[in-house]
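Single-structure report; data block below.
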Amino acid sequence: MKITLIKGDITKIKVDVVVNAANSSLLGGGGVDGAIHRAGGPMILHECQDIRNRQGKCKTGEAVITTAGNLPAKKVIHTVGPVYNDGNRLEKEKQLLADCYSNSLKLAEANDLKTIAFPNISTGIYRFPKSIAADIEIESVLNYKSETIEEVIFVCFDDENYQLYKEKLK
Ligand code: ADP
């Protein structure tokens with residue numbers, strides 16, 4: 001499994017699947033979620049609504065899959081990161097953040113998707129400290145032993161995350 005680091009906009013990346021930092025409603029939000037729905041078009045929201053109708057909200061740490069609409073990717077995996085709670089439940093939140101990455105990889109495998117791009121989940125509106133999040137995100141991906149996934153791309157949008165990842169992936 002090759003690991004690649006990119007600084008940029010995840011909506012522009014041509015991979016089998018891009019991961020969205022969704023919220024549990026699955027009905028869209030700000031940050032990367034807003035960018036994916038804007039660039040991908042209404043088909044994504046439509047499929048999210050179908051999932052809502054079938055199974056209700058998406059729990060933190062879990063993941064669901066939809067079309068990628070107009071994005072260059074084939075599919076979008078929506079996963080819900082934990083909201084940082086000032087370190088009060090840090091161990092639990094770290095586990096949930098790691099679950100976002102492993103459950104997304106599992107879902108990609110189940111759908112025979114071989115290249116996957118992740119944003120830095122929970123480090124925006126959900127306020128997770130970026131350095132702690134980067135450690136967990138990298139560890140969760142490196143610990144995931146996949147027979148079928150060929151490439152995992154970490155897509156950092158902001159410079160702080162990009163520098164942290166560059167350092168930690170050395
Ligand atoms: P969360 O609610 O999980 O914190 P956000 O979308 O607010 O989600 O932020 C998660 C990360 O996504 C942040 O590091 C932010 O810089 C990044 N981000 C925002 N827009 C994009 C984009 N278009 N492509 C990739 N990453 C993005």
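Atoms within a ligand are numbered from 1 in the order they appear, just like the ligands themselves.
Residue Met1 places its CE atom among more than 12 non-hydrogen atoms of other residues, nucleotides or ligands, all under 6.0 Å distant.
When only non-hydrogen protein atoms are considered, atom 6 (O) of ligand 1 lies nearest to Val32 N, 2.8 Å. Residue, atom and distance of the protein heavy atom nearest to atom 7 (O) of ligand 1 are Ile125 N, 2.8 Å. Protein heavy atom nearest atom 15 (C) of ligand 1, with residue, atom name and distance: Asp158 OD1, 4.1 Å. In this structure, the protein non-hydrogen atom closest to atom 13 (C) of ligand 1 is Thr123 OG1, 3.4 Å. Of all protein heavy atoms, the one closest to atom 25 (C) of ligand 1 is Ile10 N, 3.6 Å. For atom 10 (C) of ligand 1, the nearest non-hydrogen atom of the protein is Asn120 O, 3.3 Å. In terms of protein heavy-atom proximity, atom 8 (O) of ligand 1 is nearest to Ala21 CB, 3.8 Å. For atom 3 (O) of ligand 1, the closest non-hydrogen atom on the protein side is Ser122 N, 2.8 Å.
Taking only nitrogen or oxygen atoms, main chain and side chain alike, Tyr126 reaches within less than 3.5 Å of ligand 1.
Ile51 and Thr66 get closest at one heavy-atom pair: CD1-CG2, 3.8 Å. Taking every heavy atom of both residues into account, Val19 and Ile121 meet most closely at CG1-CD1, 4.1 Å.
Nearest-heavy-atom check against atom 27 (C) of ligand 1 across Phe157, Tyr84, Phe118 picks out Phe157.
Taking every heavy atom of Asn161 and a limit of under 4.0 angstrom, the matching atoms of ligand 1 come to 14 (O). Less than 4.0 angstrom separates some heavy atom of Ala35 from each of these atoms of ligand 1: 23 (N). Residue Asp9 approaches ligand 1 through these ligand atoms, each under 4.0 Å from one of its heavy atoms: 22 (C), 23 (N), 24 (N).
With respect to Val76, the side-chain contact (heavy atoms from CB on, under 4.5 Å) criterion is satisfied by exactly one of Asn20, Val17, Thr11, Ile65: Asn20.
Look at Glu109 and Lys106 and you find no salt bridge, because none of the NZ, NE, NH1 or NH2 atoms lies under 4.0 Å from a carboxylate O. Between Asp112 and Lys114 there is a salt bridge, with a side-chain nitrogen of the basic residue lying less than 4.0 Å from a carboxylate oxygen of the acidic one.
Judged purely by atom type and a 3.5 angstrom limit, Glu47 uses its side chain to pair as donor or acceptor with the backbone of Thr67.
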